[in-house]
Amino acid sequence: MSRSTGNASRRTGWPEANELLRALLRSLVSRRHASGPEVSKQAGYAARAAGDPDAALAHFLHAAHLRPGDAEAWNAAGMLHLSRGEPAEAIDALRQALAAPHGAAVESNYLYALLLDPALDADAILAAHLDWARRHADPLTARAPAPAPRPPDRRLRIGYVSPDFRKHVIAWFIEPVLRAHDRDRFEVYAYHSGAHEDAVTARLRTHVEHWRSIGALDDGSAAERIREDGIDILVDLAGHTAGGRPLLFARRPAPLQWSWLGYIGTTGMQAMDARISDEALEPAALAAGWYREALVRLPGSCYCYAASTALPEVGPSPAARGQGVTFASLNRIEKVSNAALDAWARLLQRVPTSRLRIAAASSRQARERIGARFAAQGIGAERIVFMAGMRYESFAKTYAGVDIALDAFPVNGASTTCEALWMGVPVVSLGVPRIGGRLGASVLGAAGCSEWFTTNVEAYIDAAARLAADPVALARTRAGLRARVSASRLADAAGFTRDLEDAYRAAARRAGWPGAADDSGPRVG
């Protein structure tokens with residue numbers, strides 16, 4: 001399951017493939033009750049591949065009931081609960097998986113799910129990550145060899161590690177940086193730890209001096225390969241997300257190791273020295289104690305965005321076409337909390353001719369649950385439109401049917417917000433004092449759109465209602481928003497990369513490395 005900051009690519013298989021999967025599913029279902037847990041699990045995988053998460057969940061839970069110690073079944077059930085917007089149920093299932101013999105992915109899935117449960121505070125989230133690190137990562141760090149002496153006056157060698165150097169949201173944020181790096185002062189390495197390569201992979205290769213495909217290497221071998229390259233600062237772009245390699249970093253292949261972009265929480269590891277952040281996202285007075293890593297706060301924002309080439313030109317909005325105002329939730333469904341649903345219901349009451357589109361709702365039970373919550377507040381089903389999973393190119397066209405995007409909370413979106421702004425759609429965001437709760441402050445501030453960032457529910461509803469009240473101004477905003485973003489800090493790859501490089505040089509200076517620039521760099525702490 002693809003997991004990262006903001007939305008993963010939305011896609012399903014070709015119709016012919018889906019029909020074959022459904023046929024297989026029907027065959028497996030017919031034998032489920034007469035067979036054991038393995039058949040139920042295979043039925044679950046077939047249902048999941050065919051785009052039916054509800055049936056898949058039922059199969060995996062059935063398998064787990066037949067064999068309670070089956071970590072594979074519990075893990076799959078947990079991630080399906082999460083995909084239906086049920087983080088508490090996901091955490092319960094994943095705890096069942098943790099109670100049985102399990103692989104490393106189960107623990108990373110559990111840590112990721114904790115970030116999305118509104119009921120958990122930062123202390124509980126940090127404690128779970130620290131516990132994982134004490135058991136798995138820190139012992140490896142204690143045995144790691146000392147770094148080799150650094151040759152004097154060599155360009156700083158920066159290495160980026162990701163399974164997502166491909167058509168993926170991470171590419172929209174890392175590509176402008178790879179392209180803008182100062183090759184006179186920095187030697188850039190990319191370590192692709194994923195198995196999938198595509199046209200985006202090929203393009204990213206052209207932006208770095210050294211490309212290493214390490215997906216087939218185990219963590220120890222990959223760490224040794226990086227150590228041989230003499231990397232000075234190694235940057236993790238995945239953390240505890242799908243395909244992440246935290247135990248590679250635990251082996252300390254580079255003297256300085258930082259996390260960035262792909263994971264909104266702490267890695268929990270002693271071996272991870274810093275996390276790239278910014279003051280809007282994680283103010284010093286608020287974020288103290290959230291992370292084991294030191295926070296390196298870049299000026300402005302820790303995000304730099306280059307839009308996917310799949311995004312079409314901006315067209316007229318539904319309101320401008322006389323169709324009434326259409327709000328939309330474009331984030332992954334696991335970020336859509338009950339508190340956000342209740343705020344959206346109040347907004348629809350406030351703007352009685354409006355509609356709401358909700359993306360990534362492929363689960364029938366999730367749609368029914370959400371619909372019932374709106375119905376309880378007097379919002380009819382005809383005003384709620386659910387959008388199931390689809391290929392990214394098709395999803396990109398749905399912006400033509402959206403006037404105003406409503407950011408999720410308490411965990412905000414990042415890539416989704418960038419994408420909506422690029423498509424001329426204003427995004428109203430609510431900041432919450434928790435991990436991932438101020439992503440909107442960082443992105444909207446960098447885009448020059450801070451007027452749409454709010455800090456309480458009343459202000460959130462008011463801001464969205466004000467935008468909806470003036471269709472003429474809304475059309476004017478839509479027409480000029482892409483140019484506004486293009487001219488903003490959010491799209492200033494050269495300026496952003498210079499700030500990032502200043503942070504790298506400042507870290508090198510603090511390490512006492514010869515040739516490091518004599519500047520203080522961004523604030524650390």
Side-chain angles (χ1 to χ4, degrees), residues 1-4 8-13 17-117 119-120 128 132 195 240-244 332-336 360-370 386 388-389:
M1 176 179 180
S2 181
R3 305 187 312 277
S4 65
S9 299
R10 305 164 181 89
R11 59 187 182 273
T12 58
N18 274 349
E19 186 52 43
L20 288 172
L21 286 167
R22 291 189 182 97
L24 173 61
L25 174 60
R26 287 192 293 270
S27 173
L28 289 169
V29 167
S30 68
R31 292 184 288 149
R32 188 187 80 178
H33 295 291
S35 303
E38 288 303 321
V39 170
S40 289
K41 283 197 299 186
Q42 292 308 311
Y45 288 124
R48 189 175 66 181
D52 190 346
D54 300 322
L57 177 60
H59 292 306
F60 285 120
L61 289 175
H62 181 69
H65 174 74
L66 293 173
R67 189 164 60 196
D70 192 330
E72 181 184 355
W74 283 118
N75 177 66
M79 299 315 293
L80 284 161
H81 273 303
L82 202 61
S83 74
R84 302 196 325 169
E86 300 164 349
E89 291 84 350
I91 290 168
D92 287 344
L94 290 167
R95 283 177 177 151
Q96 294 285 346
L98 293 175
H102 57 272
V106 174
E107 300 217 26
S108 286
N109 287 342
Y110 173 69
L111 294 175
Y112 174 76
L114 295 179
L115 297 172
L116 298 173
D117 188 346
L120 295 180
W132 171 85
H240 294 287
T241 66
R332 295 172 65 89
I333 201 71
E334 55 256 42
K335 290 187 176 182
V336 177
S362 57
S363 162
R364 176 183 56 79
Q365 292 192 10
R367 295 193 297 270
E368 291 175 352
R369 173 178 57 83
I370 292 170
F386 292 103

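- Atom CZ of F60 sits about 12.0 Å away from atom NE2 of H81, to the nearest 0.5 Å.
- Interatomic distance, D117 CG to E89 CD, rounded to the nearest 0.5 Å: 9.0 Å.
- Side-chain contact between L120 and I91 is present, with heavy atoms from C-beta onward closer than 4.5 Å.
- Side chain of D54 to main chain of Q365: a donor-acceptor pair is present (N/O by atom type, distance under 3.5 Å, no hydrogens or angles).
- Here the shortest heavy-atom pairing between G78 and A90 reads O-CB, 3.1 Å.
- A donor-acceptor pair under 3.5 Å is absent between the side-chain atoms of W74 and the main chain of D92, judged by distance alone.
- Rounding to the nearest 0.5 Å gives a distance of 12.5 Å between CZ of F386 and CZ of R364.
- Rounding to the nearest 0.5 Å places CZ of R48 at 11.5 Å from CG of L57.
- Residues A63 and S40 come closest through the heavy atom pair CB-CB, 3.8 Å.
- Considering every non-hydrogen atom in both P53 and S83, the closest pair reads CB-OG, 4.4 Å.
- In this structure, R369 contributes its side chain and R84 its backbone to a donor-acceptor pair below 3.5 Å.
- Judged by distance alone, the side chain of R367 and the main-chain N or O of A361 form a donor-acceptor pair under 3.5 Å.
- For the side-chain contact (heavy atoms from CB on, under 4.5 Å) with L94, the qualifying choice from L114, L111, N75 is N75, the only one to do so.
- Between N109 atom CG and T241 atom OG1 the span is 10.0 Å, to the nearest 0.5 Å.
- Here CD of Q96 is found 13.0 Å from NE2 of H102. Values are rounded to the nearest 0.5 Å.
- In this structure the side chain of E334 reaches within 4.5 angstrom of the side chain of Y112, judged on heavy atoms.
- Among all heavy-atom pairs drawn from G36 and L66, the shortest one is C-CD1, 3.9 Å.
- Side-chain contact between Q42 and H59: absent, with no pair of heavy atoms (C-beta onward) separated by less than 4.5 Å.
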